[in-house]
Amino acid sequence: MIVWALVADCLDYSELKEGRRYDGTMYSIYSFSRKIGMGIGSAIGAYALGWVGFVSGAASQTPQVAENIYRLFTGLPIVAFLLMVIGTGVIYHLNQQRTNEM
């Protein structure tokens, strides 16, 4: 949900900085970036299974692999969320005052 909310904030931010709205350009960049990100995210997820010891085609996995998968897929969303917070706070400096200004 936060990603869709940020698209509108980015449009408002670019209008504040440039004096013009670039809705079509921003949405096309967002759509393209999302597709690239989904491909990279899928690849990272597949490689990450190998990193934690998952063996494709094995009759069963070890308990350590299950624990590593749990840690990995609990930690990755936390890291992604922190990157979004850093992007919002450091790059766009979005806060209540800036949002009201836009």
Side-chain angles (χ1 to χ4, degrees):
M1 292 294 289
I2 192 169
V3 175
W4 285 104
L6 288 175
V7 173
D9 287 336
C10 289
L11 289 168
D12 293 340
Y13 182 78
S14 71
E15 182 182 17
L16 178 68
K17 289 294 190 182
E18 303 293 327
R20 293 180 58 196
R21 287 189 69 87
Y22 297 101
D23 292 47
T25 303
M26 288 288 233
Y27 275 110
S28 64
I29 290 171
Y30 170 69
S31 179
F32 179 73
S33 300
R34 191 181 71 210
K35 289 176 184 180
I36 296 291
M38 286 172 25
I40 291 171
S42 297
I44 289 172
Y47 286 122
L49 285 174
W51 298 333
V52 298
F54 182 84
V55 179
S56 178
S60 65
Q61 304 293 328
T62 65
Q64 185 64 36
V65 171
E67 186 176 325
N68 288 342
I69 290 172
Y70 176 76
R71 285 184 184 151
L72 179 72
F73 288 99
T74 302
L76 282 178
I78 293 170
V79 171
F81 180 75
L82 290 174
L83 289 173
M84 286 174 35
V85 168
I86 290 169
T88 302
V90 175
I91 296 171
Y92 286 109
H93 306 290
L94 286 179
N95 55 29
Q96 188 66 39
Q97 179 185 1
R98 176 66 61 107
T99 304
N100 290 339
E101 181 182 337
M102 290 188 293

As an exercise, state the distance from CD of Gln61 to CD of Glu67, rounded to the nearest 0.5 Å. 14.5 Å
4.5 Å side-chain heavy-atom contact, Ile36 and Ile40: yes
Student check: side-chain heavy atoms of Tyr70 and Val52 closer than 4.5 Å: no
What about Ile69 and Leu76, same hydrophobic cluster or not, with Ile/Leu/Val/Met/Phe/Trp/Tyr joined at side-chain heavy-atom distances under 4.5 Å? yes
Would a hydrophobic clustering, with Ile, Leu, Val, Met, Phe, Trp and Tyr connected at side-chain separations under 4.5 Å, put Phe73 with Phe81? no
Applying salt bridge (Lys or Arg N to Asp or Glu O under 4.0 Å) as the test, list every pair that has at least one member in residues 21-36; sequence neighbours left out. Asp12-Arg21, Glu15-Arg21, Arg21-Asp23
Heavy-atom closest pair (Gly53 atom, Val65 atom, distance to 0.1 Å) is O-CG2, 3.5 Å
Output for pair (Asn68 CG, Thr62 OG1), nearest 0.5 Å, gives 7.5 Å
Donor-acceptor pair, distance only, cut-off 3.5 Å: does the side chain of Ser14 make one with the backbone of Leu11? yes
Name the orientation class of the two ring planes belonging to Tyr27 and Tyr30 (parallel below 30°, tilted from 30 to 60°, perpendicular beyond 60°). perpendicular
